[in-house]
**Student:** 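Below: one structure in structure tokens.
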Amino acid sequence: MDKAKKLLLIDGNSVAFRAFFALHQSLERFVNHDGLHTNAIYGFKKMLDNILTQVQPTHILVAFDAGKKTFRTEKFSDYKGGRSKTPSELSEQFPYLRKLLSAYGITSYELADYEADDIIGTLASQAEATDFSVTIVTGDRDLTQLATKKTTVAVTQKGVSEIELYTPAHVQEKYELTPQQIVDLKGLAGDASDNYPGVTKVGQKTALRLLHQFGSVAGIYEHLDEIKASKMKEHLIEDQKVAFLCRDLAQIRQDAPVEVQINDLKWQGKNQPELISFFEEMDFRSFLTEIQPENQPVAAIEKLPVKVLQESNLADLPTQPAVVSFQLEMNGDNYHTAPFIGFTLAVDQVFYAARNVELLKSPPLKNWLESSQVKIDLFDGKRTLVGLQRLGIHLSAVDFDLLLVSYLLDTSDNSNDLGKLAQQHGYTAVVSDEEFYGRGAKYQIPSDDQLLFQHLAQKVLAISKLKVPLLKKLQANQQADLYLKIEKPLSLVLAAMEIAGIKIDTQRLTEMDSEFKEKISELEELIYQEAGEKFNLNSPKQLGVILFEKLKLPVIKKTKTGYSTAVDVLEKLRGMAPIVDNILNYRQIAKLQSTYVTGLLKVVSDQDQKVHTRYTQTLTATGRLSSVDPNLQNIPIRLAEGRKIRQAFVPSQPGWQIFSSDYSQIELRVLAHVSQDQNMQQSFKDGVDIHANTAMKIFGLQDANEVTPNMRRQAKAVNFGIVYGISDYGLSQNIGISRAQAKKFIEKYFEIFPGVHDYMKQIVKTAKEQGYVETIFKRRRYLPQIKSSNYNLRSFAERTAMNTPIQGSAADIIKVAMIRMQRTLAEKHLQAKMLLQVHDELIFEAPVSEIPILEELVPKIMDSAVSLAVPLKVESAHGNTWFDAK
DNA sequence: TGCATCACG
DNA sequence: ACGTACGTGATGCAC
């Protein structure tokens, strides 16, 4: 027997609004990997599931408002006037809501000049005329006017899960009115949210009383003479036209020119693959597991035919394939030391795998990897290269590096896991390592060969499947050069630097260790005496109690968790109690001790007395590198005490020295270039001291000699502030001046450098229009929050828009220099080795005899890496240790 | 695991 | 009226 026909009609806009505000508090938790807000989509989906289970419809349509202009605004220009703009965090979700519906197999519909209500009213009445029953879902009580014997109106309550069902009986019970009288009610009382007035001074209460007596608006005016003379009666007479107009506005149309046929709305069910890919796009993990429970995907995914490689069958492999996808699996992040797990290869859609990585040393595998004729596709070339190097295999070229490419496509998405990345790009057959191996104590490498090899094979398959689409995207973004000429060659350069490592004078560190130990215990004793008790000095919480409760020092600043005891606070308390100075000293030395003495000693390799950092090439949002394990980009230099740590960084061979070159003010030069500010460009062309020059200009001095050190210091801070996307408050905090004074500085600065001012305004505008900003080499950073209605988020995005092209372009430039540098050293057969990069500085070791060559060569390569509108300036130094290279 | 602190450009 | 500098990593504490 045929199921009874049930039509479900949903007011898309109103339900989306409800869902959005129900989850408004968690707005920032519902953001997907592209920065899209997803709370309304999430809530809508939950609600939709509820309704589908409750109603069991056979036919469905979701109606949307077509736009601001409707027949109602024609009749009453201020209809829905004064309503605040839909938040951008919601409006950006509407296109995806339609995508969700499409995956659910549900029709979305809108009609020019009509609101969603009218589409619903029209379809409901058409459906009733045949043999349908109808359920309407909305967040708007006005729609209860549509309730009939065959039509139920479900109004969502506060959350997204609860609904209130309005039948004519329920309407009667709640308002003592028939559904049709709701329209009359609105006509009399008006509607604040739709911004139409109704009759003056008549509200809900009076309107209800009148309707109970006369039945309708028309009824009231027919029986006006029965109403006693009163202010209200005068208002009724005066506002008669308004009353009928408002009634008309409230009346939902049931004759709109809707083009869809109800029979076409038959629901065929959800489209599972479309839904999976949509949930992935939205990062809705819980919904994903809901529709594909844990074991299902494994079962559903086709098992790949993997051939297990052994000594005995290596000879069966082709001698020189055109393309090989390769994965070298290791246990742990630190690929300099991580144990090998195994490897896989995909060649002509055939998969090979083995646990024994020694096999890679034999032909033909070694030949493939070292050949320049075989295209190697992989994930994380640097990691692979270092791993292979440990096996004595020299990977010479990579064709496609999935990790690098996907980082360039979106620098804010810096996941380091092949499975996660592949899923984000729509390829779902491969799971994340965390999911496959487990995490922390649960980490386990499967002993079952087939299980392990399937995972590895899925990885290489993902690499080859994603190669073409991602390279296409790169092309579309005009980023192919950035990949081919900068990032890919750089990964090989970085690998070489990491492998080279830098030698540590552990004896020097051990000396410092005992020195510091002594000083620390002296200071500890002093502090405990002054405090009158022992406590944990390293605990800001306990220190706070001592300083601000026991010693009653004034509280300058608070943190989320209590009193702040940070340097800038302690600086202000200096002189109020001797303990403060001692704490500052203690902090300084304790930091050196824990991070740079014992910390560094912990990571020195026993094999070669060197530290081998890892540069993370795909992490920062601006394009800079970062350095981990150990971080060699934050070795102390500013304070004399800390600077001595650099004495422990020494050349790896006797008779060699450390050589260092750094760009001078590269970020300001980039700013002068991108902003095209003539004044700033001229300063750099003239080769003047830029900070002193800025000081002269903002303090209105005639002569450079009049610039005091303090003026120069302040001007330098302004220059920095400009690069960071300045705010008067930030500047005032930084140099300890009033906010008003800071504001004057900034205004003066923009007067002097109008091009910079224009650039800052322009870049924010560009970011708003295109959604991202770019560096000079087209590195891209998306800034979805630049349209946020939240002031803080938006301001942050604006400052980022100003800063990223500057910081990022500087990063591009030094990367180009590094690649050329490495090539030149090889071409000239120099023994010198490039060891470290510290954002605007390159550090080498070289035989003393080569130092004069480097003094010439390195600055030449660095300052000619790009050609800007201003010259680049490079300064060099050398010495027996890193400390002495100053 | 998150927070506060502090090291660098 | 809002509340703020940009980009990182390591350490130790407290939950």
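A note on names: the letters A, B, ... follow the listed sequences, proteins ahead of strands, and every chain is numbered from 1.
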**Student:** Heavy atoms of chain A, cut-off under 4.0 Å: which first and last nucleotide of DNA chain C, 5' to 3', fall inside that, if you could look?
**Tutor:** dC2(C) to dC15(C)

**Student:** For Asn734(A), which contact category applies under a 4.0 Å heavy-atom criterion: base, sugar-phosphate, or nothing?
**Tutor:** base

**Student:** If I take atom CD1 in residue Ile583(A) and atom P in nucleotide dA4(B), what distance separates them, rounded to the nearest angstrom?
**Tutor:** 19 Å

**Student:** Which is it for Glu524(A) and Tyr586(A) under the side chain to side chain contact (heavy atoms under 4.5 Å, CB included) test, yes or no, and what are the steps along the way?
**Tutor:** CA-CA 7 Å; Glu524(A) 262 173 0; Tyr586(A) 171 88; 3.9 Å; yes

**Student:** Over 60° means perpendicular and under 30° means parallel, so classify the ring planes of Phe659(A) and His878(A), tilted if in between.
**Tutor:**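 Because their plane-to-plane angle is under 30°, the rings of His878(A) and Phe659(A) count as parallel.
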
**Student:** Over how many whole Å does the gap from Arg646(A) atom CZ to dA7(B) atom C1' extend?
**Tutor:**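 Result: 10 Å.
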
**Student:** When both hydrogen-bonding distances must be under 3.5 Å and the geometry is Watson-Crick or G-U wobble, what is dT1(B) paired with, if anything?
**Tutor:**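 Pair assignment: dT1(B) / dA14(C).
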
**Student:** If you pin Thr804(A) and Tyr791(A) to their nearest nucleotides in DNA chain C, which one's is more 5'?
**Tutor:** Tyr791(A)

**Student:** For Ile806(A) and dG9(B), give me the distance from atom CD1 to atom C1', rounded to whole Å.
**Tutor:** 14 Å

**Student:** Taking atom P of dC8(B) as reference, at what distance in whole Å does atom OH of Tyr663(A) sit?
**Tutor:**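 Going from OH in Tyr663(A) over to P in dC8(B) covers 23 Å.
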
**Student:** Whole-Å distance between dC3(B) P and Lys558(A) NZ?
**Tutor:**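 Interatomic distance, NZ of Lys558(A) to P of dC3(B): 18 Å.
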
**Student:** May I ask you to evaluate whether Arg587(A) reaches the phosphate of dC6(B), defined as a side-chain N or O under 4.0 Å from OP1 or OP2?
**Tutor:**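 So the side chain of Arg587(A) is within the cut-off, an N or O lying under 4.0 Å from OP1 or OP2 of dC6(B).
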
**Student:** Taking Thr598(A) for the side chain and Gln593(A) for the main chain, is one N or O donor matched with an acceptor at less than 3.5 Å?
**Tutor:**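 Looks like yes, one N/O pair under 3.5 Å.
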
**Student:** Taking dT5(B) as the reference, what is the distance to dA5(C) when you measure between their P atoms (whole Å, please)?
**Tutor:**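 Pairwise P distance, dA5(C) against dT5(B), rounds to 14 Å.
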
**Student:** So what does Ala590(A) hit on the nucleic acid, given a heavy-atom distance under 4.0 Å: a base, only sugar-phosphate, or nothing?
**Tutor:**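 Counting heavy atoms under 4.0 Å across all strands, no contact is made by Ala590(A).
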
**Student:** Can you measure Glu571(A) atom CD to dT5(B) atom C1' for me and round it to whole angstrom units?
**Tutor:**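 To the nearest whole Å, that distance equals 14 Å.
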
**Student:** Would you tell me whether Asp884(A) and Thr881(A) have side-chain atoms, one donor and one acceptor, within less than 3.5 Å of each other?
**Tutor:**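 The answer is yes; a qualifying pair exists.
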
**Student:** Less than 3.5 Å apart, any donor N or O on the side chain of Ser432(A) or Asp417(A) sitting next to an acceptor on the other?
**Tutor:** no

**Student:** What pairs meet the salt bridge (charged side-chain N to carboxylate O under 4.0 Å, His left out) rule with one or both residues in residues 721-742 of chain A, with sequence neighbours excluded?
**Tutor:**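 Pairs touching residues 721-742 of chain A that pass the test: Asp728(A)-Arg739(A).
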
**Student:** Would the Tyr749(A) and Phe753(A) ring centres measure less than 6.0 Å apart?
**Tutor:**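 Yes, ring centres under 6.0 Å apart.
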
**Student:** So that I know where these two stand, are Tyr483(A) and Phe777(A) an aromatic pair - ring centroids less than 6.0 Å apart?
**Tutor:**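 No, they do not, as the ring centres are separated by 6.0 Å or more.
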
**Student:** So, OP1 or OP2 of dT5(B): does either fall under 4.0 Å of a side-chain N or O from Thr565(A)?
**Tutor:**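 Indeed, a polar side-chain atom of Thr565(A) lies that close.
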
**Student:** Among residues 624-635 of chain A, which residues get a heavy atom nearer than 4.0 Å to DNA chain B?
**Tutor:**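 Within this stretch, Arg624(A), Gln633(A), Asn634(A), Ile635(A) sit under 4.0 Å of the strand.
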
**Student:** Just the rounded figure in Å: distance from C1' of dA7(B) to CD of Glu641(A).
**Tutor:**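 After rounding, the gap between these two atoms is 15 Å.
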
**Student:** Considering every strand and a 4.0 Å limit on heavy-atom distances, what is the contact class for Arg739(A): base, sugar-phosphate, or nothing?
**Tutor:**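 The answer is base, as Arg739(A) lies within the cut-off (heavy atoms under 4.0 Å) of a base atom.
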
**Student:** Would you measure the distance from the C1' atom in dA1(C) across to the matching atom in dC6(B) and give it in whole Å?
**Tutor:** 33 Å

**Student:** Using whole Å, report how far CG of Leu600(A) lies from P of dC8(B).
**Tutor:** 14 Å

**Student:** When all nucleic acid strands are considered with a 4.0 Å heavy-atom cut-off, which category describes Ala801(A): base, sugar-phosphate, or nothing?
**Tutor:**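 Contact class for Ala801(A): none.
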
**Student:** Does Asn803(A) or Gly599(A) map to a spot on DNA chain C nearer the 5' end, using the closest nucleotide for each?
**Tutor:**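 Its nearest nucleotide being more 5', the pick is Asn803(A).
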
**Student:** Do side-chain atoms of Tyr563(A) reach the backbone of Val545(A) as a donor and acceptor pair under 3.5 angstrom?
**Tutor:**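 Not at all, since once roles are kept as given, no pair shorter than 3.5 Å links the two residues.
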
**Student:** Just call it for Gln542(A): base, sugar-phosphate, or nothing, with non-hydrogen atoms closer than 4.0 Å on any strand.
**Tutor:**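 Sugar-phosphate, backbone atoms only, no base.
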
**Student:** Has the side chain of Ser406(A) got a donor or acceptor atom that lies under 3.5 Å from a matching backbone atom of Leu409(A)?
**Tutor:**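 No, Ser406(A) side chain to Leu409(A) backbone: no donor-acceptor pair under 3.5 Å.
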
